[in-house]
Amino acid sequence: MATTYSGLYLEIRRELKYAGSIASDLAARELVCAASDKTKEALFRDGGLYVSADIEARARELLRRHLDGEPVAYIIGEWEFYGLTLAVSPSVLIPRPDTETLVDRAVDYLRECGPCRVLDLCTGCGCVGLAVAAQIPEAKVVLGDISDEALKLCSRNIWSNSFSGRVVPVQADALRKPDRRIGVFQCIVCNPPYIASGDIDGLDASVRDYEPRLALDGGPDGLDFYRSIAGKWRNALYPRGRIFFEVGAGQSVAVGRILRDNGFGEIESCEDRNGVRRVVTAIRYPDI
Ligand code: GLN
């Protein structure tokens with residue numbers, strides 16, 4: 001029996017709820033939109049129209065993939081972060097609400113800076129750097145990542161969000177010293193891989209089985225990237241330039257210590273919306 005768009009949406013939502021999905025309304029809406037190539041607005045406008053058999057079959061196939069564990073963001077190929085719609089793929093992490101705290105802190109600082117260059121290192125789909133660019137019109141932003149696939153997504157996201165004049169993608173390996181040509185920055189923002197290698201198997205299956213290990217694995221204690229960046233990327237910051245790191249739960253003290261040992265000071269940390277110490281920031285002290 002033919003169903004309408006709103007009937008299909010409600011049915012998919014019911015199945016998701018039954019399977020224990022916490023954001024069943026959001027997921028159902030995204031899956032029906034993706035299956036029918038409709039925007040959210042069009043979906044609700046067309047709620048009373050009948051759905052073709054093809055679209056219904058496509059929506060059911062997307063629902064099956066999600067019920068098998070595939071994150072909605074990878075199924076639909078985009079996700080929202082800090083008010084921006086960004087292309088994502090299984091070669092980058094899905095932007096998380098926790099990471100908005102990193103943007104909040106960097107933006108508070110950059111509002112006082114005037115024209116500046118900002119580096120988003122380990123940028124993935126570019127979410128942090130693009131959110132900074134959106135909030136700080138005077139900032140020029142470099143999105144750095146080692147992965148070609150991530151850099152392709154960055155290019156798409158720069159273009160689709162109209163930042164072509166101010167934001168550029170650059171290949172950069174956070175575990176090695178930067179190429180001098182990348183220049184010097186007033187601010188580095190960075191959400192590096194920070195899960196200890198041995199903890200990856202214990203992550204939620206939707207993360208462990210679908211998100212890229214390259215973007216999660218922070219080495220034996222999860223801190224490899226902090227050590228490398230604080231040491232090898234120090235000179236990519238101007239003296240008194242500021243770095244903002246996202247950190248995993250329980251890592252803020254260790255990351256503060258790594259920064260101090262590498263000639264950073266004014267070290268502070270702050271909590272995300274769930275009360276986890278999520279951001280550590282410091283300035284690069286001038287060399288003596
Ligand atoms: N916050 C992510 C998670 O816990 C990990 C992100 C990262 O390693 N940068 O799944």
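Atoms within a ligand are numbered from 1 in the order they appear, just like the ligands themselves. Computed from a prediction, not measured in an experiment: that's the story for all the values here.
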Considering the options Val189, Val279, Leu110, which one meets the side chain to side chain contact (heavy atoms under 4.5 Å, CB included) requirement together with Arg105? Val279
Would you say the ring centroid of Tyr5 lies under 6.0 angstrom from that of Phe44? no
Which is it for Leu93 and ligand 1 at heavy atoms under 4.0 Å: side chain, backbone, both or neither? side chain
Below 4.0 Å, non-hydrogen atoms only: which portion of Glu211 touches ligand 1? Side chain, backbone, both or neither. neither
Looking only at side-chain N and O atoms, does Ser206 offer a donor or acceptor that is under 3.5 Å from a partner on Asp204? yes
Return the residue, atom name and 0.1 Å-rounded distance of the protein heavy atom closest to atom 10 (O) of ligand 1. Arg96 NH2, 3.1 Å
Would you say Gly248 contacts ligand 1, with heavy atoms under 4.0 Å as the rule? no
Between the side chains of Arg278 and Thr101, is a donor N or O closer than 3.5 angstrom to an acceptor N or O? no
Just to confirm my output: which protein heavy-atom neighbour is closest to atom 9 (N) of ligand 1, and how far is it? Pro192 O, 2.7 Å
Salt-bridge present (Glu211, Arg96; N to O < 4.0 Å): yes
What is the closest protein heavy atom to atom 8 (O) of ligand 1, and at what distance does it sit? Tyr194 N, 3.0 Å
State, yes or no, whether a side-chain contact exists between Arg284 and Asn235 at a heavy-atom distance under 4.5 Å. yes
Return a yes/no value for Glu246: is any of its N or O atoms, backbone included, closer than 3.5 angstrom to an N or O of ligand 1? no
Ligand 1 to Pro193, heavy atom cutoff 4.0 Å, flagged ligand atoms 8 (O)
Where does the angle between the aromatic ring planes of Tyr226 and Tyr194 fall among parallel (under 30°), tilted (30 to 60°) and perpendicular (over 60°)? parallel
Check each atom of ligand 1 against the heavy atoms of Ala215 and keep those under 4.0 Å away; list them by number with element. 7 (C), 8 (O)
Which residue and atom name correspond to the protein heavy atom nearest atom 4 (O) of ligand 1, and how close is it? Ile195 CD1, 3.9 Å
